[in-house]
Number of protein chains: 2
Amino acid sequence: MDTTQRTGQQRSADHRRRELLEAADRVVLRDGPHASMNAIAAEAGITKPILYRHFGDKGGLYAALAMRHTDALLASLRAALDAPAERRQRVEATLDTYLAAIEARPQVYRFLMHPADGAATPGDQAEQGFDVGKHSAPLLRRMGEELAQVIEERLDVGPGTQQLARVWGHGIVGMMHAAGDWWLGERPCTRAELVGSLADLLWGRLAAAGDKAGGPGF
Amino acid sequence: MDTTQRTGQQRSADHRRRELLEAADRVVLRDGPHASMNAIAAEAGITKPILYRHFGDKGGLYAALAMRHTDALLASLRAALDAPAERRQRVEATLDTYLAAIEARPQVYRFLMHPADGAATPGDQAEQGFDVGKHSAPLLRRMGEELAQVIEERLDVGPGTQQLARVWGHGIVGMMHAAGDWWLGERPCTRAELVGSLADLLWGRLAAAGDKAGGPGF
DNA sequence: ACGTGCATGTTACTAACGGTAACTCGGAGT
DNA sequence: ACTCCGAGTTACCGTTAGTAACATGCACGT
């Protein structure tokens with residue numbers, strides 16, 4: 001059987017937290033990031049203060065929720081990134097993995113990319129300085145750092161590799177994200193075409209392209 | 001049609017709107033995107049309902065405000081993009097223009113990139129379907145389309161140029177944005193270094209780099 | 001001169017939200 | 001039996017977006 005009698009007490013603490021997170025997940029998937037604490041509590045069959053006891057505040061709940069999805073997505077990406085294949089193929093597989101994920105669950109994607117407000121507790125005016133990006137999409141940051149690490153581990157671009165890797169990591173992730181966001185809204189082409197075009201961009205086809213008539217000479 | 005006497009009535013309508021926008025600008029620059037309608041009204045020396053009469057709702061005010069800054073930034077970028085110089089130099093100038101802008105006014109930048117909620121009027125539950133990206137940062141979209149147009153006009157990459165240009169436009173803008181956001185938060189290097197690294201990425205240095213020891217052969 | 005219309009402005013309110021204080025209830029330990 | 005403690009509730013606070021109803025001033029037709 002289970003590890004003894006304390007199931008009734010202690011395991012239920014973690015288990016309840018899991019249940020609450022899954023209820024919150026359901027509501028967020030249904031209502032988007034505008035889901036209210038009341039709605040989440042109602043979905044879980046309880047009332048607000050319990051949520052606050054478990055997660056502190058709304059930011060805490062959202063952070064816990066985001067962590068789950070972020071971890072899952074990052075695991076997929078890591079798999080594609082670490083596959084034993086040619087570099088271009090790895091890049092394309094990673095792009096495709098990301099795009100497939102946001103295509104399959106746009107609500108989750110939307111939630112992860114807009115963790116809402118976060119700052120400035122109502123009664124207390126906090127941080128009026130610029131903390132740009134501090135509370136902004138943490139998923140993008142994590143993906144950027146992850147990619148930077150892979151680049152630094154695997155690529156040799158001479159001196160300054162470490163800094164270059166970080167710039168490129170965040171830059172490439174941003175490229176993927178923005179292109180995916182736009183593509184998800186307009187669907188101007190197939191996923192494979194998008195992957196190919198982005199890989200072409202990373203492969204220097206922009207620099208290699210010729211000027212059209214009328215442009216300044218190269 | 002005298003342009004003289006109706007000044008008292010009609011010009012003051014537009015003028016008042018301008019004044020309100022400038023007051024809102026001041027507050028947003030001071031308090032960030034969390035600025036409340038009350039605060040903005042107070043800064044303008046009036047009260048809330050007037051704001052609502054002029055702009056409909058908070059989204060309307062924010063949209064009008066964002067339009068001003070977006071137009072200004074886009075004008076700068078267009079100038080850098082259309083300069084009569086070599087392509088790489090144009091790219092670097094454009095990147096630098098963008099980064100200089102967000103560096104100079106991080107509050108404006110933060111406001112433009114997070115137009116807050118926007119959807120779901122409180123009393124009426126609206127749009128529960130996925131409208132991903134519909135209300136998301138319009139500045140990025142406009143920049144992406146603008147860049148796509150320039151690419152399509154100036155570059156010749158064979159068939160499919162138009163679609164490729166749009167993908168690249170949004171992709172490059174996303175790269176610039178994400179890298180800039182990260183850089184603004186951590187300041188890991190100078191602006192010039194960041195510009196150079198990003199341009200190198202676009203110039204195919206990622207594809208040209210060699211593998212480090214231990215990696216799968218190329 | 002006088003009311004009419006209209007834009008401008010106000011006060012006072014509603015509904016919803018995030019968050020919290022204070023109370024209640026049921027079960028384990030001694 | 002009595003106490004302690006965690007889970008849960010109701011009822012509330014402060015703030016916010018948004019609105020209804022009331023006041024005021026200025027041009028206009030008659």
Side-chain angles (χ1 to χ4, degrees), chain A residues 4-20 23-24 27-28 31-65 114-126 135, chain B residues 2 4-20 23-24 27-28 31-65 115-126 135:
Chain A
T4 63
Q5 289 290 12
R6 68 176 162 207
T7 59
Q9 314 293 16
Q10 203 166 22
R11 196 197 64 183
S12 115
D14 291 357
H15 196 63
R16 220 58 104 182
R17 190 184 162 97
R18 272 255 156 91
E19 277 186 341
L20 297 187
V27 176
V28 166
D31 298 350
H34 295 281
S36 77
M37 295 297 267
N38 259 328
I40 293 173
E43 170 71 27
I46 54 168
T47 49
K48 269 194 301 179
I50 306 179
L51 285 182
Y52 285 95
R53 279 227 251 273
H54 273 273
F55 301 103
D57 61 348
K58 188 172 189 171
L61 199 168
Y62 274 40
L65 210 51
H114 296 272
D117 26 17
T121 49
D124 190 340
Q125 64 167 15
H135 285 278
Chain B
D2 49 339
T4 56
Q5 283 295 1
R6 68 173 163 207
T7 57
Q9 314 293 14
Q10 205 167 20
R11 195 198 65 185
S12 113
D14 291 356
H15 196 64
R16 219 58 101 182
R17 190 186 161 96
R18 271 255 158 90
E19 278 185 342
L20 298 187
V27 176
V28 166
D31 298 350
H34 295 282
S36 77
M37 295 296 267
N38 258 329
I40 294 173
E43 170 71 27
I46 54 169
T47 49
K48 269 193 304 177
I50 306 179
L51 286 182
Y52 285 95
R53 280 227 253 273
H54 273 273
F55 300 102
D57 62 348
K58 187 171 190 171
L61 199 168
Y62 274 40
L65 210 51
D117 26 15
T121 51
D124 191 339
Q125 63 166 13
H135 284 278

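Labels below follow one simple rule: chain letters A, B, ... track the order of the sequence lines, proteins then strands, and each chain is numbered from 1. Values below: every heavy atom of this structure, side chains too, minus hydrogens, waters and symmetry copies.
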Interatomic distance where NE2 belongs to A:H54 and C1' belongs to C:dG19 [whole Å]: 17 Å
Does the pair A:M37 and A:L61 meet the rule for a side chain to side chain contact (heavy atoms under 4.5 Å, CB included), with working shown? CA-CA 9 Å; A:M37 295 297 267; A:L61 199 168; 4.0 Å; yes
Can you tell me if A:T47 touches the phosphate of D:dT9, counting only side-chain N or O atoms and a distance under 4.0 Å to OP1 or OP2? yes
Ignoring hydrogens and angles, does a donor from either the side chain of B:K58 or the base of D:dG18 sit under 3.5 Å from an acceptor on the other? no
Output, in order, the C-alpha distance, side-chain angles, deciding distance and verdict of side chain to side chain contact (heavy atoms under 4.5 Å, CB included) for A:D14 and A:R18. CA-CA 6 Å; A:D14 291 357; A:R18 272 255 156 91; 5.9 Å; no
Between the base of C:dG9 and the side chain of B:R53, is one N or O donor paired with an acceptor at under 3.5 angstrom? yes
Would you kindly give the NE2-to-P distance between A:H34 and C:dC17, to the nearest whole Å? 12 Å
For B:A39 versus B:V27, what's the shortest heavy-atom pair and its separation? O-CG2, 4.0 Å
I need the CG-P distance between B:N38 and D:dA17, as an integer number of Å. 8 Å
Which whole-number value in Å describes the distance from A:L61 CG to C:dG19 C1'? 13 Å
Note: for A:P49 and B:P49 on DNA chain C, the residue whose nearest nucleotide lies more 5' is B:P49
dist A:I46:CD1 -> A:H54:NE2 (nearest 0.5 Å) comes out at 7.0 Å
Length of the CD1-P vector between B:I46 and D:dA23, whole Å: 21 Å
Students often get this wrong, so: under 4.0 angstrom with heavy atoms, is B:I50 touching a base, only sugar-phosphate, or nothing? base
Rounded distance in Å - CG (B:L20) to C1' (C:dT8): 12 Å
When rounded to whole Å, the OH to C1' distance for the pair B:Y52 and C:dT11 reads 16 Å
Nearest-angstrom distance from the residue atom CG of A:D57 to C1' of D:dT15: 16 Å
